[in-house]
Amino acid sequence: MKEILKMTLKLFVITFIAGALLGGTYFITKDPIAEQETRQATEARQQVLPEAASFEAVDMAAISADEAYSSITEVYTGKDAAGSVVGATVRMTAKGFKPGIVLTVGIKNDGTVSGVSIGSHEETAGLGAKAAEPEFYEQFAGKPADGSLSVIKNGTAGESEILAISGATITSKGITDAVNTAVGCYDKYVKG
């Protein structure tokens, strides 16, 4: 009986120390991680809407309540140095082959997509992960922001078409659908 109590006490002490170390590590790293995420989001906004000198957050209350835009996490209007709105950025989470592709979409006032930035994702290396390469995401720049973008598997992409990543059509369609959703949100909640 004494051996069982001794082993139980040792196990409790080890578990307590491990828990305290994990909690301490979390406490020490949570602020730097949050700062890193904020910096990455700011860089993504600047990348997809380079005409903007500053960004202003859009109230998410109405957008969050709209089920069609439940994947959208933040919307910012971009303003030039004179303070005029030049467009908006929409950050969202899309589903490709695997869920969890974080992307930021820039939409200019002239009715075009100004850019797409792919952040974190869990897509298959060598296939869907190619979505984070410029050869794919740069296709969106200059496309019409009217929600009509579609994916083609081969050939030359037309004005409202995106050429799919070979072997990763699901990822390509997921990102393209997300861009169309971002455009819809922009039209409904920001543009007007």
Side-chain angles (χ1 to χ4, degrees), residues 37-38 40-52 55-78 85-124 127-153 157-165 168-192:
E37 289 172 351
T38 301
Q40 288 174 342
T42 301
E43 288 172 359
R45 282 192 295 275
Q46 192 63 55
Q47 179 185 346
V48 300
L49 194 62
E51 298 86 358
F55 294 93
E56 184 178 307
V58 172
D59 182 18
M60 290 294 295
I63 298 169
S64 297
D66 192 335
E67 194 173 312
Y69 304 113
S70 62
S71 61
I72 295 175
T73 56
E74 64 180 33
V75 178
Y76 280 80
T77 55
V85 175
V86 294
T89 63
V90 179
R91 185 174 172 97
M92 61 195 314
T93 304
K95 182 183 184 311
F97 186 70
K98 296 179 181 178
I101 302 172
V102 177
L103 67 141
T104 304
V105 180
I107 304 159
K108 295 195 296 188
N109 286 346
D110 71 0
T112 59
V113 175
S114 58
V116 173
S117 173
I118 308 294
S120 62
H121 63 83
E122 296 176 7
E123 296 300 291
T124 307
L127 293 172
K130 289 183 178 181
E133 295 177 3
E135 292 79 26
F136 177 72
Y137 68 77
E138 285 180 349
Q139 294 183 76
F140 291 94
K143 297 288 184 180
D146 60 6
S148 68
L149 297 178
S150 62
V151 175
I152 61 169
K153 291 186 179 185
E159 184 174 310
S160 61
E161 296 175 327
I162 300 297
L163 184 59
I165 300 165
T169 306
I170 294 172
T171 301
S172 303
K173 285 183 179 180
I175 292 171
T176 303
D177 289 346
V179 172
N180 285 331
T181 299
V183 168
C185 177
Y186 170 78
D187 286 343
K188 187 171 182 178
Y189 293 103
V190 179
K191 186 178 178 181

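The basis for the numbers below is simple: all heavy atoms, side chains too, and nothing from hydrogens, waters or symmetry mates.
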From [atom1] ([X]) to [atom2] ([Y]), nearest 0.5 Å:
| X | Y | atom1 | atom2 | answer |
| --- | --- | --- | --- | --- |
| Ile107 | Asp110 | CD1 | CG | 11.5 Å |
| Ile165 | Lys173 | CD1 | NZ | 13.0 Å |
| Ile118 | Thr171 | CD1 | OG1 | 10.0 Å |
| Arg45 | Arg91 | CZ | CZ | 8.0 Å |
| Gln40 | Gln47 | CD | CD | 11.5 Å |
| Ser71 | Ile101 | OG | CD1 | 11.5 Å |

So which atom in [X] and which in [Y] form the shortest heavy-atom distance, rounded to 0.1 Å?
| X | Y | result |
| --- | --- | --- |
| Leu103 | Ala94 | CD2-CB, 3.6 Å |
| Val102 | Thr93 | CG2-OG1, 4.2 Å |
| Ala164 | Ser172 | CA-OG, 3.4 Å |
| Ser150 | Thr176 | N-CG2, 4.1 Å |
| Thr112 | Gly142 | CG2-O, 3.9 Å |
| Asp187 | Ala145 | OD2-O, 4.3 Å |

Examine distances only and state if a side-chain atom of [X] and a backbone atom of [Y] form a donor-acceptor pair shorter than 3.5 Å.
| X | Y | result |
| --- | --- | --- |
| Glu138 | Glu133 | no |
| Ser114 | Gly106 | yes |
| Glu159 | Pro144 | no |

Does any non-hydrogen side-chain atom of [Y] lie less than 4.5 Å from one of [X]?
| X | Y | answer |
| --- | --- | --- |
| Leu49 | Lys108 | yes |
| Tyr186 | Asn109 | yes |
| Phe55 | Glu74 | no |
| Lys143 | Ile162 | yes |

Which of Lys188, Met60, Met92 passes side chain to side chain contact (heavy atoms under 4.5 Å, CB included) with Tyr69? It is Lys188
More than 12 foreign heavy atoms under 6.0 Å from NZ of Lys95: is that the case here?
yes
Output all residues satisfying ring pair (Phe, Tyr, Trp, His ring centres under 6.0 Å) with Phe140, sequence neighbours left out; order by chain, then residue number.
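Phe136.
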Residue list, side-chain hydrogen bond (donor to acceptor under 3.5 Å, both in side chains) with Asp146, at least two apart or on another chain
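Applying side-chain hydrogen bond (donor to acceptor under 3.5 Å, both in side chains) to Asp146 gives Ser148.
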